[in-house]
Amino acid sequence: MHLKQRTMKEEKMKHIMSFGILASTVLAFASPVLAQTVFVSTQLRPIEEATVVREELLKDVGSVDYVVEEPPQFAVRMEAERQAGKHTVSLVGALHGELSPLADKDTLEPLDDLAKKLAAGGMPQSLLDLGKLGKSTQQYIPWMQATYVMAAKKEALQYLPAGADVNALNYDQLIEWGKNMQDATGQPQIGFPAGPKGLMARYFQGYFYPSFTGGVVRTFQSADAAAGWEKLKALWAYVTPNSTNYDFMQEPLAAGEVMVAWDHIARLKNAISAAPDDYVVFPAPAGPKGRGYMPVVAGLAIPKGAPDKAGAEKVIEHLSMPETQLLTASKVGFFPTLNIKLPPDLDAGVALLAGAVTATQASKDAVISLLPVGLGDKGGEFNKVYMDSFQRIVLQNEPIADVLKAQGATMAKLMTDTKAACWAPDAKSDGPCPVE
């Protein structure tokens, strides 16, 4: 091909390509672009639960991008968007304590109109008041609630100590039960989610410490705490060593690796729903100060500057509908925030879990421990204080007093740095919660 012919051909191609790019650009501007509501959540993160959210709970509610974040990353992301003034997130789903720092920085849209509508539809005012986070306006809408319970294979009941009521156990009885099971089977039969992604830190904050000390932060290095750790060491003799690998107790329960386990209700659900006739579900044991338990409330909030506020409100209304709340309970084991009765045909496993939650809340010796509040992005460091103490005292057999003194200093610095005030069951504080 002659040079002149090749040049003419190249010029023709350039014109065609230019026209194509121009046409594509025109079409792109002319075509309606579907808005997508970015929904970032610290809850329902496991792949099975996230899939239920995307494919069932958010079905027919529009174009929603459900993004899961670990709590520390969630705090960092929201602060980065706040500081940059560039917002990509329209809706957040997180725990009460994870939303509190956002409200403290005045970064959440007031949701009073939605709250009034939901109150009229049967959401308890006490829960809605919790969603104000101490402010005059509604900061979040309560989305779902849960707690932690114990579950056991029915075959384990034959080894209960004489006179023990499974719905009102204390730690001495749990230890004796563990010994009886181990003597009969030759293997430790109690399990805890002490793995890398397990929720063992919540056991210490919501159950162990309140039950033995009546507090969480103030009492961290107290004589009562030391006595509690001695009791836990005695219990751990009958806990399977595999617990340090367990993230979800439903799997070892279903596999027959343990007979008795403690965990979040959503992380027990699959095993119990698969074989409800094989299990009993009951409250965690009581200590000298009572039966500690941690109610877990997750909320939905809209950040100020949200690019799709209308879409976010639509999602909140959808997730707050009675049928969606019941579907949430059935599919992922988180219970409704609406005051609605669970239907008689509800999944039998979920019904068992609901019974244990009711029994826990109704316990005469119940000691409520709220989720940590005011720690911002330091929640992971707070959890680490308890987990490090556990590893050093229980797993490595270091002197209890030495560990509590060292970890108590770490805890005190964390409280001072974050300026976090005390929360229940600790007595209120003026300023940072002290380690006494």
Side-chain angles (χ1 to χ4, degrees), residues 38-46 48-50 52-54 56-58 64 66-75 77-78 89-103 108-109 111 114-115 118 123-124 126-133 138-149 199 201-202 205-206 263-269 293-303 312-313 315-322 324-340 350 353-354 357 361 368-375 379 383 423:
V38 177
F39 177 7
V40 174
S41 175
T42 65
Q43 302 303 291
L44 307 180
R45 296 192 308 269
E48 299 86 353
E49 295 175 1
V52 168
V53 176
R54 293 180 183 115
E56 298 187 57
L57 301 185
L58 294 176
V64 181
Y66 183 71
V67 181
V68 297
E69 291 268 17
E70 295 282 349
Q73 285 70 45
F74 168 75
R77 176 174 185 163
M78 299 311 296
V89 179
S90 292
L91 177 65
V92 295
L95 297 177
H96 175 92
E98 294 163 354
L99 292 170
S100 181
L102 304 185
L108 299 177
E109 286 281 357
L111 300 174
L114 264 177
L118 292 170
M123 188 170 287
S126 58
L127 267 181
L128 285 166
D129 288 345
L130 199 62
K132 290 184 178 181
L133 290 167
Q138 194 75 34
Q139 299 295 295
Y140 74 77
I141 299 297
W143 173 18
M144 54 189 186
Q145 57 183 328
T147 189
Y148 302 76
V149 294
L199 295 172
R202 298 303 191 211
Q205 298 157 8
D263 207 346
H264 190 286
I265 56 173
R267 296 184 172 202
L268 292 167
K269 177 189 173 295
Y293 89 95
M294 179 177 277
V296 179
V297 178
L300 297 165
I302 300 176
E313 289 180 344
V315 173
I316 293 176
E317 291 195 62
H318 175 77
L319 291 175
S320 302
M321 292 169 60
T324 312
Q325 294 243 312
L326 290 173
L327 184 63
T328 302
S330 176
K331 293 293 184 178
V332 296
F334 279 79
F335 292 100
T337 49
L338 290 176
N339 189 14
I340 49 178
V350 173
L353 291 163
V357 172
Q361 293 171 337
I368 295 176
S369 181
L370 297 181
L371 283 159
V373 178
L375 297 173
N383 293 344
W423 59 88

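- Of all heavy-atom pairs spanning Pro303 and Met78, the tightest one is CG-CE, 3.7 Å.
- Taking CZ of Arg54 as the start and CG of Leu44 as the end, the distance is 10.5 Å to the nearest 0.5 Å.
- Residues forming a side-chain hydrogen bond (donor to acceptor under 3.5 Å, both in side chains) with Thr328 (at least two apart in sequence, or on another chain): none.
- Side-chain atoms of Gln145 never come within 3.5 Å of backbone atoms of Ala298 as a donor-acceptor pair (strictly under, hydrogens ignored).
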Self-check item: Stepwise side-chain contact (heavy atoms from CB on, under 4.5 Å) check, Lys132 with Leu128
Solution: CA-CA 7 Å; Lys132 290 184 178 181; Leu128 285 166; over 6 Å; no

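- Nearest heavy atom pair, residue Tyr140 against residue Ala301, reads CB-CB, 4.0 Å.
- Side-chain atoms of Gln325 come within 3.5 Å of backbone N or O of Leu338 as a donor-acceptor pair.
- In this structure, CD1 on Ile141 lies 9.5 Å from CD on Glu317, to the nearest 0.5 angstrom.
- Between the side chain of Lys331 and the backbone N or O of Glu49 there is no donor-acceptor pair closer than 3.5 Å.
- Without hydrogens or angle criteria, Thr337 side chain to Pro142 main chain gives a donor-acceptor distance under 3.5 Å.
- With hydrogens and angles ignored, the 3.5 Å screen pairs a side-chain donor or acceptor of His318 with a backbone N or O of Leu57.
- Remark: of the listed residues Ile302, Val38, Leu99, Leu300, Leu99 is the sole one forming a side-chain contact (heavy atoms from CB on, under 4.5 Å) with Val92.
- No side-chain donor-acceptor contact under 3.5 Å links Glu98 to the backbone of Pro71.
- For the pair Ser369 (side chain) and Tyr293 (backbone), a donor-acceptor distance under 3.5 Å is absent.
- Within the 3.5 Å criterion, the main-chain N or O of Thr42 finds a donor-acceptor partner in the side chain of Arg45.
- If you take CG on Leu326 and CD1 on Ile340, they are separated by 4.0 Å, rounding to the nearest 0.5 Å.
- For Phe334, the ring pair (Phe, Tyr, Trp, His ring centres under 6.0 Å) partners at least two apart in sequence or on another chain are His264.
- Between Lys269 atom NZ and Asp263 atom CG the span is 14.0 Å, to the nearest 0.5 Å.
- To the nearest 0.5 Å, the span separating CE on Met123 from CG on Asn339 amounts to 10.5 Å.
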Quiz item: side-chain contact (heavy atoms from CB on, under 4.5 Å) between Trp423 and Leu371: does it pass, once the steps are laid out?
Solution: CA-CA 8 Å; Trp423 59 88; Leu371 283 159; over 6 Å; no

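- Across all their heavy atoms, Val350 and Ser330 have their closest contact at CG2-O, 3.9 Å.
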Practice problem: Give the intermediate values and the outcome of side-chain contact (heavy atoms from CB on, under 4.5 Å) for residues Leu199 and Met294. | Solution: CA-CA 12 Å; Leu199 295 172; Met294 179 177 277; over 6 Å; no

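- Residues Gln138 and Leu118 form no side-chain contact, since every pair of their non-hydrogen atoms from C-beta on lies 4.5 Å or further apart.
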Quiz item: Under the side-chain contact (heavy atoms from CB on, under 4.5 Å) criterion, do Phe74 and Leu102 qualify, and how do the steps go?
Solution: CA-CA 11 Å; Phe74 168 75; Leu102 304 185; 4.0 Å; yes

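- The two residues Leu58 and Tyr66 have their closest heavy-atom pair at CD1-CB, 4.2 Å.
- Gln139 CD to Leu133 CG: the interatomic distance, rounded to the nearest 0.5 Å, is 6.0 Å.
- In this structure, Phe39 and Trp143 have tilted ring planes: the angle between them lies in the 30° to 60° band.
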